[in-house]
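The block underneath contains the structure these notes are about, expressed in structure tokens.
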Amino acid sequence: MAKMVKLKRIVLLWNVSISTLALHCFADQENNGINEDFNRLVDWIRAGGGRVDERLGIGFHMHNGENIRGGVALEDIEEGSELLFCPWELVMGTTGGTYVVPDDHCAILEEYAQEVRVGDASFWFPYLAMDDSLSTRIPTVWSSIAISEAQGLPPFDRIDTEFPSLTDWFSKTCAGGKPFEEMEDPVRQSLLAAVTRAAGMRFLPLLDLLNHHNGLLNTISHADEKGNTLRASRKIATGEEIYHSYRGGKGTSSELFRRYGFIEEWPQQYSWIDQDTGKEELRFLLAADDVAMIYPPDSLTSQIGSNNNNGDVIALLSNLRTGDGVQLHNKDLSMERLTQFVNTAARILTSAPTSVEEDKIILAGFIAETEKLNNGERDNLLLDKMLAVKYRIHLKKSLRVALRETESVISDRQDTKNTAEL
């Protein structure tokens, strides 16, 4: 019996080893292709007067269960090191070698589309070769059917009647009313790239390959009349992912999701606005390990994603990771604000058409539908609906966490009051 168990273990280890080897081979092939494109991009930047630190590389990293391309430190990088300098001449969307962007955004997008059309004959080809935005399914391109799956939760609680989505604006303003899905690939790619990669219609080479994480942010970006510079805001260890910030200040995780199509890791920030009065009903911040800060102060949120690398910001991120000071803040809130939060959060959750548990069943049904598709077949509407349901599950669960924390603070305060009265 012992020999049989040992034999099974050997066979299991052999199977695991073969599977692991196959996965590594596939990953190596994918990495080799990415590295070739990345090296060509680096050479192009340097040839155009830019600078790229030899220790800045490209790789794949796990985020929310998915393997995502992003920057990586090939060796230890000291705080303050210049990682990238890109002159404005290499930034599509700018004019005359300056940071100035023309007012005609349609013309910028048409220029981008034209450069995509000419392929490797384009001056911008080393940059465009790493643009995978055409394959993304961000909420910006969702149909009304997919948007309805978000159940009116932020940011889908505020719909512009003239331009319900950015694709509607693009269709009416730049494409003569032609539906976005009927446009040729280079044209659609230009808008998707502008949404997911550009900063104020400026397409910044290599910088836009870095992923977002405000909690583990380790770079500072600075623009001047010559170009854009990226520096390490702290020491970055070998193998550590190099991050950039896509969101700062009072910007919410909901708006980040609308633009980029992913749910950011900690810290997350959510807000509800009364559609009649325009006043904020509630706001909360989720730190690491689902620690909820109710009505976080502006003095704190204004520093999230900041280019300021002083000790206060470093301490802030450390506190958000450990939860230190969060509960103390919550306990100092007035009973009026705590009650307002509880009432608003409870109303949002109870007015939703489905519960989290029901949403999970719906999501499982969508997943089952995708498994019925033939190899290579893709149902964009189904994928959009799945992402919308995943988002509403996450948002409802986050709201539950914040609600429980607020109710706990109220309960503790009531217990303290009762004890004092004895």
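Note that this is a predicted model, so its numbers are computed, not measured.
Note that CG of Leu338 is 12.0 Å distant from NZ of Lys331, once rounded to the nearest 0.5 Å. Note: Asp37 CG to Leu128 CG = 11.5 Å, rounded to the nearest 0.5 Å. For the atom pair Lys385 NZ and Ser148 OG, the distance stands at 8.0 Å (nearest 0.5 Å). Rounded to the nearest 0.5 angstrom, Thr95 OG1 and Glu89 CD are separated by 11.0 Å. The line from CD1 of Ile367 to CE of Met386 is 4.5 Å long, rounded to the nearest 0.5 Å. Once rounded to the nearest 0.5 Å, the distance linking CZ of Phe85 with CZ of Arg231 reads 10.5 Å.
Heavy-atom neighbours of Asp224 CG from other residues, nucleotides or ligands within 6.0 Å: above the threshold of 12. Around atom CD1 of Ile145, no more than 12 heavy atoms belonging to other residues, nucleotides or ligands sit under 6.0 Å away. The environment of Glu66 atom CD is sparse: at most 12 non-hydrogen atoms of other residues, nucleotides or ligands sit within 6.0 angstrom. Around atom CD of Glu54, no more than 12 heavy atoms belonging to other residues, nucleotides or ligands sit under 6.0 Å away. Atom OH of Tyr295 sits in a crowded spot, with more than 12 heavy atoms from other residues, nucleotides or ligands closer than 6.0 Å.
Contact check for Asp185 versus Arg188: side-chain heavy atoms found under the 4.5 Å cut-off. Here the side chains of Ser190 and Glu110 are not in contact, with every heavy-atom distance at 4.5 Å or above. Looking only at side-chain heavy atoms (C-beta outward), Asn67 and Met62 come within less than 4.5 Å of each other. The shortest side-chain heavy-atom distance between Tyr391 and Pro139 does not fall under the 4.5 Å cut-off. Here the side chains of Leu90 and Phe123 are in contact, with some heavy-atom distance below 4.5 Å. Using a 4.5 Å heavy-atom threshold, the side chains of Ser122 and Gln114 count as separate. Between Asn218 and His213 the shortest side-chain heavy-atom distance does not fall below 4.5 Å. Counting only heavy atoms from C-beta outward, the side chains of Phe180 and Leu191 approach each other to under 4.5 Å.
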Would you check, one step at a time, whether the test side chain to side chain contact (heavy atoms under 4.5 Å, CB included) holds for Thr406 with Phe284? CA-CA 10 Å; Thr406 310; Phe284 67 96; over 6 Å; no
Please assess Arg137 against Leu381 for the test side chain to side chain contact (heavy atoms under 4.5 Å, CB included), listing each intermediate value before the final yes or no. CA-CA 9 Å; Arg137 293 298 303 178; Leu381 177 58; over 6 Å; no
Could you give me the CA-CA distance, side-chain angles and deciding distance for Arg392 and Ile362, then say whether side chain to side chain contact (heavy atoms under 4.5 Å, CB included) is met? CA-CA 12 Å; Arg392 82 188 192 211; Ile362 293 171; 3.3 Å; yes
Would you sort out whether Glu225 and Trp88 count as a side chain to side chain contact (heavy atoms under 4.5 Å, CB included), showing the intermediate values? CA-CA 8 Å; Glu225 69 278 1; Trp88 295 122; 5.6 Å; no
Yes or no on salt bridge (Lys or Arg N to Asp or Glu O under 4.0 Å) for Arg400 and Glu357, after CA distance, side-chain angles and deciding distance? CA-CA 13 Å; Arg400 280 183 177 181; Glu357 291 69 29; 3.1 Å; yes
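Side-chain contact annotation: Tyr260 with Asn211, donor-acceptor N/O pair under 3.5 Å absent. Side chains of Gln151 and Thr354: a donor-acceptor N/O pair is present below 3.5 angstrom, by distance only. Between the side chains of Asn228 and Ser221, at least one donor N or O lies within less than 3.5 Å of an accepting N or O.
The side chain to side chain contact (heavy atoms under 4.5 Å, CB included) with Met293 is formed by just one residue from the set Thr301, Leu300, Leu286; it is Leu300. With His244 as the fixed residue, the side chain to side chain contact (heavy atoms under 4.5 Å, CB included) test singles out one of Leu204, Asp208, Leu207: Leu207.
Ala345 approaches Leu282 most closely through the heavy-atom pair N-CD2, 3.7 Å. In this structure, Lys390 and Ile263 approach most closely via the heavy-atom pair O-CD1, 4.3 Å. Scanning all heavy atoms of the two residues, the minimum distance from Ile138 to Gly261 falls at CG2-N, 4.2 Å. Of all the heavy atoms in Thr252 and Ser271, the pair that sits closest is CG2-CB, 3.9 Å. Counting all heavy atoms, side chain and backbone alike, Asn214 lies closest to Gly305 at OD1-CA, 3.2 Å. Considering all non-hydrogen atoms of both residues, Ser133 and Thr136 come closest at O-OG1, 2.6 Å.
Under a 3.5 Å cut-off, the side chain of Thr219 and the backbone N or O of Ala232 do not form any donor-acceptor pair. In this structure a side-chain-to-backbone donor-acceptor pair under 3.5 Å is missing from Ser408 to Arg404. Here the side chain of Asp274 pairs a donor or acceptor atom with the backbone of Thr277 at under 3.5 angstrom. For the pair Thr94 (side chain) and Val101 (backbone), a donor-acceptor distance under 3.5 Å is absent.
Cation-pi geometry between Arg258 and Phe156 is met: the NZ or CZ atom falls under 6.0 Å from the ring centre, inside 45° of the normal.
Residues Glu240 and Arg234 are paired through a salt bridge, judged by an N-O separation under 4.0 Å between the basic side chain and the carboxylate.
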